[in-house]
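Keep in mind the model is a prediction, meaning the values are calculated, not measured.
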Amino acid sequence: MEIFTRLNRKSIDDRQIDTLIGLSKGILADGKVNQSEAEFLLTWLIQARTSSENPMILNLLDRVSAMLQDGELDEEESHELMRLLQQISGGEVALGELAKPSTLPLNDPMPPVAFSGSTFLYTGTFVYGTRRQCEDATASLGGINAKGVTRTLHYLVLGSYVTDSWVHETYGRKIEKAMTYRAVGLPIAIISEEHWASAGGFF
């Protein structure tokens with residue numbers, strides 16, 4: 001009986017992933033993700049969770065729930081969700097595969113990360129979780145979460161799913177602004193998610 005239960009579970013999971021891929025392609029057909037599409041996806045994910053333990057579905061549910069927690073899908077969240085759906089539907093990066101930071105404007109060498117009293121801003125899509133989860137993790141160590149790139153920002157953290165084509169993405173504006181400040185000698189560090197997480201003991 002246990003074998004049949006496992007086989008049935010796998011069959012359900014496979015069908016749901018196929019459906020999720022189809023939904024992702026449909027949502028992405030017009031090249032953007034709007035509020036109603038995100039809400040529809042959230043409803044489907046909640047229903048799918050009742051009969052599936054697939055980590056892809058559970059992870060996406062957590063992220064979409066967090067994005068819509070305040071009742072509004074902002075522009076950056078829309079692009080973040082679009083990136084995730086592209087990964088699921090067979091885009092340029094497979095879900096779980098980290099982007100190669102070869103052309104990202106990261107500080108080299110990476111600086112020490114002091115959390116207490118320092119300001120942090122996050123951009124891109126993170127392995128750790130949503131931006132809010134990253135902010136909560138930083139706040140737990142005494143860090144301060146900034147609203148944008150300013151002259152007083154200490155660290156701009158790039159999510160692991162930021163790709164080499166960052167300059168063409170919405171979040172590229174934050175990176176460019178941080179680079180400008182850094183170039184004139186302001187102490188703004190552009191660091192990777194991995195470096196941030198390692199310094200904070202989050203992974």
Asks: Could you pull out the closest heavy-atom pair between A199 and V113, with the gap in Å?
Replies: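 In terms of heavy atoms, the two residues are closest at CB-CB, 3.6 Å.
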
Asks: Using 0.5 Å steps for rounding, measure from the CG atom of L141 to the CG atom of D136.
Replies: 11.5 Å

Asks: Could you verify whether a donor N or O on one side chain and an acceptor N or O on the other, from T138 and W196, lie under 3.5 Å apart?
Replies: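 The answer is yes; a qualifying pair exists.
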
Asks: If you measure from CG on L20 to NZ on K25, what distance do you get to the nearest 0.5 Å?
Replies: 11.5 Å

Asks: Decide yes or no for L41 and L85: does some side-chain heavy atom of the first lie under 4.5 Å from some side-chain heavy atom of the second?
Replies: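 A side-chain contact exists here, since the closest heavy-atom pair is under 4.5 Å.
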
Asks: If you look at every heavy atom in E77 and M67, which pair is closest and at what distance?
Replies: OE1-O, 3.3 Å

Asks: Measuring only between side-chain heavy atoms, which start at C-beta, is Y122 closer than 4.5 Å to L156?
Replies: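 Side-chain contact under 4.5 Å: no.
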
Asks: Side chains of L84 and L60: closer than 4.5 Å at any heavy-atom pair?
Replies: yes

Asks: Going by an N to O cut-off under 4.0 Å, is there a salt bridge joining E80 and R83?
Replies: no

Asks: So, do L42 and S65 sit near enough that their side-chain heavy atoms are less than 4.5 Å apart?
Replies: yes

Asks: Just so I know, are the side chains of V149 and L121 near enough to count as touching, which here means a heavy-atom distance under 4.5 Å?
Replies: yes

Asks: Under 4.5 Å between any side-chain heavy atoms of L158 and E194, yes or no?
Replies: no

Asks: If you look at every heavy atom in L61 and R49, which pair is closest and at what distance?
Replies: CD2-CD, 3.4 Å

Asks: Under 4.5 Å between any side-chain heavy atoms of N34 and S78, yes or no?
Replies: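 No - every pair of side-chain heavy atoms lies 4.5 Å or more apart.
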
Asks: Does Q35 use its side chain to pair, donor to acceptor, with the backbone of L73 at less than 3.5 Å?
Replies: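 Here the side-chain-to-backbone pair exists.
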
Asks: Can Y181 be reached from I144 by stepping across I, L, V, M, F, W or Y side chains whose heavy atoms are under 4.5 Å apart?
Replies: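 In one cluster with I144: Y181, no.
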
Asks: For a quick test of reading the model, state the closest non-hydrogen atom pair linking Y128 to Q133 and the distance between them.
Replies: CE2-O, 3.6 Å

Asks: Going by side chain to side chain contact (heavy atoms under 4.5 Å, CB included), name the residues that satisfy it together with A189, two or more places apart in sequence or in a different chain.
Replies: N107, P111, Y155, I191

Asks: Just so I know, are the side chains of V64 and L81 near enough to count as touching, which here means a heavy-atom distance under 4.5 Å?
Replies: yes

Asks: For residues A137 and S140, report the shortest heavy-atom separation together with the two atoms involved.
Replies: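 What the structure gives for the nearest pair is O-OG, 2.5 Å.
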
